[in-house]
Amino acid sequence: QVHMVESGGGSVQPGDSLGLSCAASQRTYRSYAVGWFGQAPGKKCEFAASISDHGENTYYADSVKRRFTISRDNAKNMVYLQMNSLNPEDTAVYYCAVDIARKYGGSTIPGEYDYWGQGTQVTVSS
């Protein structure tokens, strides 16, 4: 199993930025695609962004395109989500997740990801 731990969440005002980090427990995560998902209270888990095993390909939900950037540093066992121009609709618990079936990072479906972290809270309000 690959264990993931998210960090970097917090409470910010609209227009501010946050950088989220996801640390993997094992080197084997480097062979897999990784995604970021957000879940607001009472809402479904929504795809935000994903990245292929070595970072060559990235994918974004329309709602975060041009504002969020996903990246990874496999030498450090880390995946990142830079969140810019945040708005209240971005408020959610954000999870990183590993997709062992796909290396290219193209899946937007939560059920297709196999290992999930515990999440980090992002709150955007005035």
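Along the sequence shown, the residues carry numbers beginning at 1.
Residues Val2 and Ala24 approach most closely at CG1-CB, 4.4 Å, considering heavy atoms. The heavy-atom pair separating Ser107 from Ser50 by the smallest distance is O-OG, 4.3 Å. In this structure, Arg30 and Ala75 approach most closely via the heavy-atom pair NH2-O, 3.7 Å. Closest approach of Ser126 to Pro14, counting heavy atoms only: N-CD, 3.9 Å. Of all non-hydrogen atoms in Cys45 and Pro110, the two that sit nearest each other are O-CG, 3.8 Å. Cys22 approaches Trp36 most closely through the heavy-atom pair CB-CZ2, 3.7 Å.
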Next on the checklist: With side chain to side chain contact (heavy atoms under 4.5 Å, CB included) as the criterion, how do Ile70 and Leu81 come out once you've worked through the C-alpha distance, each side chain's angles and the decisive distance to 0.1 Å?
Outcome noted: CA-CA 5 Å; Ile70 188 171; Leu81 185 68; 4.2 Å; yes

Checklist entry - Between Tyr115 and Gln1, does a side chain to side chain contact (heavy atoms under 4.5 Å, CB included) hold up when you go through it step by step? => result CA-CA 7 Å; Tyr115 304 112; Gln1 296 182 354; 3.9 Å; yes

Next on the checklist: Applying side chain to side chain contact (heavy atoms under 4.5 Å, CB included) to Asn77 and Gln26, what does each step give before you reach the verdict?
Outcome noted: CA-CA 8 Å; Asn77 288 358; Gln26 301 179 10; over 6 Å; no

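Put simply, the side chain of Thr123 never gets that close to the backbone of Ser11: no donor and acceptor are under 3.5 Å apart. Judged purely by atom type and a 3.5 angstrom limit, Arg72 has no side-chain atom pairing as donor or acceptor with the backbone of Ala33.
By the 4.5 Å heavy-atom criterion applied to side chains, Val98 and Asp114 are not counted as neighbours. With contacts defined as side-chain heavy-atom distances shorter than 4.5 Å, the pair Asp99/Tyr113 qualifies. The shortest distance between side-chain heavy atoms of Arg66 and Asn84 does not fall below 4.5 Å. Between Ser71 and Gln82, the closest side-chain pair of non-hydrogen atoms is not below 4.5 Å. Using a 4.5 Å cut-off on side-chain heavy atoms (C-beta onward), Val5 and Gln118 make no contact. Counting only heavy atoms from C-beta outward, the side chains of Leu20 and Val122 approach each other to under 4.5 Å. Between Tyr29 and Val79, some side-chain heavy-atom pair lies under the 4.5 Å cut-off. Ile109 is not listed as a side-chain neighbour of Phe47, based on a closest heavy-atom distance of 4.5 Å or more.
Both Val124 and Val64 sit in one connected hydrophobic cluster of ILVMFWY residues. Membership requires side-chain heavy atoms under 4.5 Å apart, directly or through other members. In this structure, Ile51 is a member of the same hydrophobic cluster as Ile100, with clusters built from ILVMFWY side-chain heavy atoms closer than 4.5 Å.
Tyr95 pairs by the ring-ring contact (aromatic ring centres under 6.0 Å, His included) definition with nothing, not counting sequence neighbours. Annotation: salt bridge (charged side-chain N to carboxylate O under 4.0 Å, His left out) contacts of Lys44 (sequence neighbours excluded): none.
Between Phe37 and Trp116, the distance separating the two ring centers is shorter than 6.0 angstrom.
Here Gln121 contributes atom CD and Thr91 contributes atom OG1; the two are 7.5 Å apart, rounded to the nearest 0.5 Å. Note: Asp90 CG to Glu46 CD = 12.0 Å, rounded to the nearest 0.5 Å. How far OG of Ser7 is from OH of Tyr94: 15.5 Å, rounded to the nearest 0.5 Å. A distance of 13.0 Å separates CG of Asn57 from NZ of Lys103, quoted to the nearest 0.5 Å. In this structure, OG in Ser21 is found 10.0 Å from NZ in Lys76, a value given to the nearest 0.5 Å. Rounded to the nearest 0.5 Å, atoms CE (Met83) and CG (Leu18) are 6.5 Å apart.
Other residues, nucleotides and ligands contribute at most 12 non-hydrogen atoms within 6.0 Å of the CD atom of Glu89.
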